Q: 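Please find one structure pasted underneath; my questions will follow.
Note that the coordinates shown come from a computational prediction; the quantities given were computed from them, not determined experimentally. Start at 1 with the first residue, then count along the sequence.
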Amino acid sequence: MSNSTKLSARDRIVTLLDDNSFVEIGSLVTKRNTDFNLLAKEAPTDGVITGYGVINGAPVYVYSQDASVLAGTIGEMHAKKIAKVYELAMKCGTPVIGLIDCAGLRLEEATDALEGLGEIMASQAMASGLIPQIMAVFGSCGGGLGVAAGMCDFVFATKAGKLFVNAPNTIKDNNESKCDTAAADFKAACGEIDYVGEDDVDVLNAVRGLVSLIPACNEDEAVAVECTDDLNRETPELTSVIADGAKAAAVLADDGSFFEIKKNFAKHMATGFIQLDGATVGVVANRSAIIGDDGKAADKFDAVLTIDGCAKATEFINFCDAFNIPVLSLTNVEGFCTCMEGEKKMATAAAKLAAAFANATVPKVNLITGSAIGSAYTIMNSKSMGADMVFALDGAKVGPMKADLAAQIIAADGDKNAKDEAKKVIEAQLSVEAAAKRGYVDSIIDAAAARKNVVYAFEMLYLKDEGRPDKKHTTI
């Protein structure tokens, strides 16, 4: 199909779901407001088609806004139909997928429309952590509906999609031609959109791919399918892509497949899903370079944790833990971002990431691929944060600080010989063998054996059952 393919609201549902699986509900529902001569305007389905069907055999509930009916605006009954979808999905334990093309609130219905939008948001809040919520934006998704998008677990959009709370032209000193803050690419770079597709079909296929990787609800086990890849496949190529966490994840994965989430946001932290022996695993990986297909670094980053990187990883880990998806971390970090802006919120962002790893009760495996230095390493799924198994590639470094910096501190008042001696001692302490002798690393492995070690670790942890103190929720 053409990259400009734009489907109708009903065709989007048909394309998303398996053939002949869609069952519509509420097809006769329509507006009941009569203000502003609204009674004279036809509104079939009240501008939103709702129902259920299956994706690769997995049941889902879906709603699709119809921009050809009152511009797809949200009115009282329109909102009630969406809220009903959520009610049924929570009862049945199935994901909700919203296909968005909406001009905003139906102003003719005033506070009825506002209350309806609030009902949708309340349903989303109740569903959070119970069932996956996915939204795909094909047209406009603005105002309060933009907030509703932020309440979803994943947001997809076409390049032509618009996501905003305030339209670009309403922002002081800005307009759409100067900076289109509603554009899908802009929002993806800010982390509010997880995937940007070329057209409707591209986005819908990506949603199908995601649904096939994640459980239907919080009471389901992680998705598992038959694996055709060799569990003992050697991965010597891992050494050439250590800097690129996304590439490293693909090397370890069944059939080399890595479904990356928020790839255009905080690129120094890669998050996404792989399958190991057919089972879905969430990956959180440090990234100091983006390596192209030619094997060369197309972009480079400092090997540090940043505010955005921590936020991206925290959100992803929390999703995985809520839906029983094991987590694999690929650690290659040397500290925290050292800049004025970064320091403003770094402690808070790092604290949330630490809490996410520590609070997660799903199986957690850490593979140290390069450097694991200082508090940044501690936060990245170390033994003390609750990692069930920690592997390290031969030659990795684990310790509190780089040797030259540590020597300067330890021998601050000493001569050059004292500093050189201190540096030698610190370098010895930075060896991965020293960490293994103290039990902080379970096994030092060759890169070629990384896949099989990680696969078997998760298989052994399949029946893991770990509790936490009884409390309402964390406040971190």
Q: Partners of Asp194 by side chain to side chain donor-acceptor pair (under 3.5 Å), sequence neighbours excluded?
A: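 Residues passing side chain to side chain donor-acceptor pair (under 3.5 Å) with Asp194: Lys262.
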Q: Taking only residues two or more places apart in sequence or in another chain, which ones pass side chain to side chain donor-acceptor pair (under 3.5 Å) with Asp173?
A: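 Not a single residue meets the side chain to side chain donor-acceptor pair (under 3.5 Å) criterion with Asp173.
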Q: Quick one: which residue pairs count as a ring pair (Phe, Tyr, Trp, His ring centres under 6.0 Å) with a foot in residues 239-296, not counting sequence neighbours?
A: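 Listed by first then second residue: Phe273-Phe316.
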Q: Applying ring pair (Phe, Tyr, Trp, His ring centres under 6.0 Å) as the test, list every pair that has at least one member in residues 365-387; sequence neighbours left out.
A: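 Those involving residues 365-387 do not exist here.
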Q: Can you pull the side chain to side chain donor-acceptor pair (under 3.5 Å) pairs that have at least one residue in residues 210-227, sequence neighbours excluded?
A: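 Residue pairs with at least one partner in residues 210-227: Asn56-Ser212.
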Q: Tell me, which pairs form a side chain to side chain donor-acceptor pair (under 3.5 Å) where one or both residues lie in residues 130-159, sequence neighbours left out?
A: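 Found Tyr86-Gln133.
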Q: Is the backbone N or O of Glu198 less than 3.5 Å from a side-chain atom of Asp202, with the two atoms forming a donor-acceptor pair by type?
A: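 Side chain of Asp202 to backbone of Glu198: a pair is present.
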Q: According to salt bridge (Lys or Arg N to Asp or Glu O under 4.0 Å), does anything in residues 300-310 pair up with another residue at least two apart or in another chain? List the pairs.
A: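 Salt bridge (Lys or Arg N to Asp or Glu O under 4.0 Å) check on residues 300-310 returns no pairs.
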Q: Tell me whether Arg287 contacts the main-chain N or O of Ala303 through its side chain, where contact means a donor paired with an acceptor under 3.5 Å.
A: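 No, the answer is negative, given that no donor and acceptor are paired below the 3.5 Å cut-off.
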Q: Check residues 339-361 and write down every donor-acceptor pair under 3.5 Å in which the side-chain atom is one partner and the other belongs to a residue at least two apart or another chain.
A:
from   : atom 1 : to     : atom 2 : distance (Å)
Glu341 : OE2    : Lys344 : NZ     : 2.8
Asn359 : ND2    : Ala355 : O      : 3.1

Q: By the ring pair (Phe, Tyr, Trp, His ring centres under 6.0 Å) test, which pairs, at least two apart or in different chains, include something from residues 454-476?
A: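 Of all non-adjacent pairs touching residues 454-476, none passes ring pair (Phe, Tyr, Trp, His ring centres under 6.0 Å).
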Q: State which residues pass side chain to side chain donor-acceptor pair (under 3.5 Å) with Asn175; sequence neighbours excluded, sorted by chain then number.
A: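 Once residues adjacent in sequence are excluded, the partners of Asn175 under the side chain to side chain donor-acceptor pair (under 3.5 Å) criterion are Ser177.
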Q: Suppose we screen for side chain to side chain donor-acceptor pair (under 3.5 Å). Which residues come up paired with Asn324, at least two apart in sequence or across chains?
A: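 Partners of Asn324 by the side chain to side chain donor-acceptor pair (under 3.5 Å) criterion come out as none, since no residue qualifies.
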Q: Tell me, which pairs form a ring pair (Phe, Tyr, Trp, His ring centres under 6.0 Å) where one or both residues lie in residues 125-168, sequence neighbours left out?
A: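 Every pair satisfying ring pair (Phe, Tyr, Trp, His ring centres under 6.0 Å) with a residue in residues 125-168: Phe154-Phe319, Phe156-Tyr195.
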Q: Before accepting this row, confirm whether a basic side-chain N of the pair Lys178/Glu176 lies closer than 4.0 Å to the acidic partner's carboxylate O.
A: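 Glu176 and Lys178: not salt-bridged.
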Q: Can you tell me if Asp254 uses its side chain to pair, donor with acceptor, with the backbone of Asp277 under 3.5 Å?
A: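 Yes.
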Q: Given 3.5 Å as the limit, does a donor-acceptor pair link the side chain of Arg208 with the main chain of Leu204, or not?
A: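 Not at all, since once roles are kept as given, no pair shorter than 3.5 Å links the two residues.
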Q: Using the rule salt bridge (Lys or Arg N to Asp or Glu O under 4.0 Å), only one of Asp255, Asp229, Asp446 pairs with Arg451; which is it?
A: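 Of all the options given, the one that passes is Asp229.
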Q: Taking the side chain as every heavy atom from C-beta outward, state whether Asn264 and Ile193 have any atom pair closer than 4.5 Å.
A: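 No, every pair of side-chain atoms sits at 4.5 Å or beyond.
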Q: I'd like to know if Glu459 and Lys452 make a salt bridge, using a cut-off of under 4.0 Å between side-chain N and carboxylate O.
A: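 Result for this pair is no, no salt bridge flagged.
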Q: State whether the side chain of Thr170 and the backbone N or O of Asn166 hold a donor-acceptor pair below 3.5 Å, judged by distance alone.
A: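 Looks like no, no N/O pair under 3.5 Å.
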